[in-house]
Participant: 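One structure follows; several queries about it will come next.
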Amino acid sequence: MLSGKRILLIVTGGIAAYKTPDLVRRLKERGAAVRCVLTAGGAQFVTPLALGAVSGDKVYQDLFDLTDEQEMGHIQLSRDADLLLVAPASADVMAKMAGGLASDLATTALLATDKPVLIAPAMNVRMWEHAATQANLETLKSRGVGVIGPDDGDMACGEFGPGRMTEPLDIVQAVIDFFSRGRPLAGKHALVTSGPTHEPIDPVRYIANRSSGKQGHAIASALAALGARVTLVTGPVALTDPAGVATVHVETARDMLAACTEALPADIAVCAAAVADWRTADAAPEKMKKDGKALPSLSLAENPDILAALSTGGDKRPALVVGFAAETEKVIDHARAKLAKKGCDWICANDVSPETGTFGGDSNRVHLVTGDGVEDWPQSSKARVAETLAQRIADHFAAAAQSVDQTSE
Ligand code: C5P
């Protein structure tokens with residue numbers, strides 16, 4: 001079931017670490033090769049000797065161990081794995097992963113990897129329910145990290161509730177499901193645009209908008225999690241590049257169009273970027289000076305419409321082109337009009353009036369407008385919206401493949 005799969009098991013600090021030799025044994029029974037990284041916290045609950053004995057491999061503990069680095073650099077540890085499994089995943093390691101810290105061997109391997117990551121959280125119920133942990137969880141999910149559990153139950157600390165590490169056999173099942181889960185978008189290339197664009201006025205000033213890029217980045221991660229090869233073309237954002245996604249950074253709408261054209265052919269295009277509609281007709285080559293006389297006036301030129309260009313791309317048109325419509329009123333009507341005007345296949349319409357907090361916020365309410373009608377999705381996190389959209393895209397391709405099969409019978 002797991003034969004030939006190489007798993008890097010990262011054991012962090014928590015009482016549940018005592019269950020990890022059993023987890024290793026059960027993964028190995030199913031054919032996986034397991035190599036362990038043990039944090040200082042994890043080593044308080046399970047010994048390297050125990051993990052080494054069951055894994056049949058060296059247990060890695062220290063980032064700056066010269067022999068370890070010569071034998072197996074920390075980058076190589078994650079390169080050599082098909083999957084990184086963090087079990088138990090403490091609140092601390094989740095926070096470090098969300099924040100991009102690389103303070104020990106475990107977090108360095110997690111930051112350096114472009115391999116899929118599954119975590120099995122385990123902590124006290126209050127720590128689990130704390131807003132900080134929940135925010136970290138959403139961040140990790142939006143980057144494509146898979147989460148196993150935690151389970152409800154009695155805890156070592158005497159409390160009851162969610163926070164108990166999922167039992168080893170169930171973790172093994174989740175790993176099997178991960179590997180056998182159809183990666184329904186395998187073989188497909190998805191192009192995603194994200195973030196705002198910056199249109200220079202002069203070398204230090206620019207026209208921009210409030211887009212954070214959170215939704216577009218989450219979509220790139222969600223498509224990659226379903227097996228697609230993803231190119232993300234992003235304007236300037238304060239986000240880390242999603243793992244396992246080829247990310248191209250651009251500034252202006254024209255750069256974004258050029259990068260998208262360069263990335264073709266693609267099977268799927270999702271245009272989530274808030275592209276500036278206008279740029280200055282002539283950006284000043286030097287910083288404009290205040291001379292106390294006439295106020296400068298900007299003359300604007302229209303930017304290329306990337307969504308429309310991809311939708312009408314002739315031979316190179318992606319099979320499915322999805323746009324977004326950020327509206328503050330008559331959301332569905334405007335989305336329908338946009339679908340027709342731009343020539344795309346689907347529009348994810350969302351209300352971005354200031355009171356919804358969508359722009360820059362963490363949640364979104366989407367109405368998917370297609371040629372067949374409108375689907376109202378519940379208000380949910382941008383990560384969840386991204387997963388729903390990616391799954392909807394996978395279902396669309398599965399249905400299209402099935403109808404081709406039936407016609408050829
Ligand atoms: O016309 P409007 O900006 O409302 O359309 C929004 C949709 O069009 C989004 O999918 C956005 O990414 C895309 N768009 C684009 N290029 C532009 C303007 C919008 O790709 N210049």
Side-chain angles (χ1 to χ4, degrees), residues 190-200 206-220 222-223 230-237 239 248-264 266 268-281 300-313 316-318 320-353 356 358-360 364-371 377 382 385-386 389-390 392-393:
L191 170 62
V192 179
T193 69
S194 185
T197 62
H198 285 184
E199 309 296 334
Y206 54 82
I207 302 172
N209 60 62
R210 294 184 195 280
S211 167
S212 65
K214 287 179 186 167
Q215 187 63 81
H217 279 53
I219 291 167
L223 290 166
V230 181
T231 306
L232 172 66
V233 180
T234 177
V237 291
L239 299 172
V248 183
H249 295 265
V250 296
E251 292 234 339
T252 67
R254 287 185 293 175
D255 295 344
M256 188 172 270
L257 177 61
C260 288
T261 311
E262 173 110 339
L264 293 174
I268 303 153
V270 181
C271 293
V275 183
D277 291 316
W278 305 284
R279 64 176 184 276
T280 50
L300 299 177
E302 194 157 332
N303 265 332
D305 190 313
I306 298 161
L307 175 61
L310 291 170
S311 299
T312 52
K316 289 206 169 162
R317 185 195 195 276
L320 182 69
V321 183
V322 184
F324 271 74
E327 303 290 348
T328 53
E329 42 138 23
K330 296 193 187 147
V331 176
I332 308 285
D333 289 350
H334 286 155
R336 281 212 178 93
K338 208 159 281 182
L339 193 69
K341 184 171 143 217
K342 307 238 185 186
C344 57
D345 302 295
W346 298 351
I347 288 270
C348 294
N350 50 357
D351 188 344
V352 293
S353 8
T356 65
T358 299
F359 247 150
N364 201 355
R365 170 121 203 259
V366 163
H367 310 272
L368 182 71
V369 181
T370 73
W377 296 353
K382 290 184 176 174
V385 167
L389 179 62
R392 188 70 180 68
I393 290 173

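Only heavy atoms go into these numbers, but all of them, side chains included; no hydrogens, no water, no symmetry mates. Note that ligands are numbered from 1 as they come in the structure, with each ligand's atoms numbered from 1 the same way.
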Participant: Report the residues that fulfil salt bridge (Lys or Arg N to Asp or Glu O under 4.0 Å) with Arg392, sequence neighbours left out, ordered by chain and then residue number.
Facilitator: Glu375
Participant: ring-ring contact (aromatic ring centres under 6.0 Å, His included) with His367: which residues, sequence neighbours excluded?
Facilitator: none
Participant: Between Asp305 and Lys342, is the closest basic N to carboxylate O distance under 4.0 Å?
Facilitator: yes
Participant: For Asn303 and Ala276, indicate whether the former's side chain and the latter's backbone hold a donor-acceptor pair under 3.5 Å.
Facilitator: yes
Participant: Examine distances only and state if a side-chain atom of Asp345 and a backbone atom of Val322 form a donor-acceptor pair shorter than 3.5 Å.
Facilitator: no
Participant: Which protein residues have a heavy atom under 4.0 Å from ligand 1?
Facilitator: Cys271, Ala273, Val275, Asp277, Pro304, Asp305, Ile306, Leu307, Gly323, Phe324, Lys338, Lys342
Participant: Of all residues at least two apart in sequence or in a different chain, which pass the side-chain contact (heavy atoms from CB on, under 4.5 Å) check with Leu239?
Facilitator: Lys214, His217, Val237
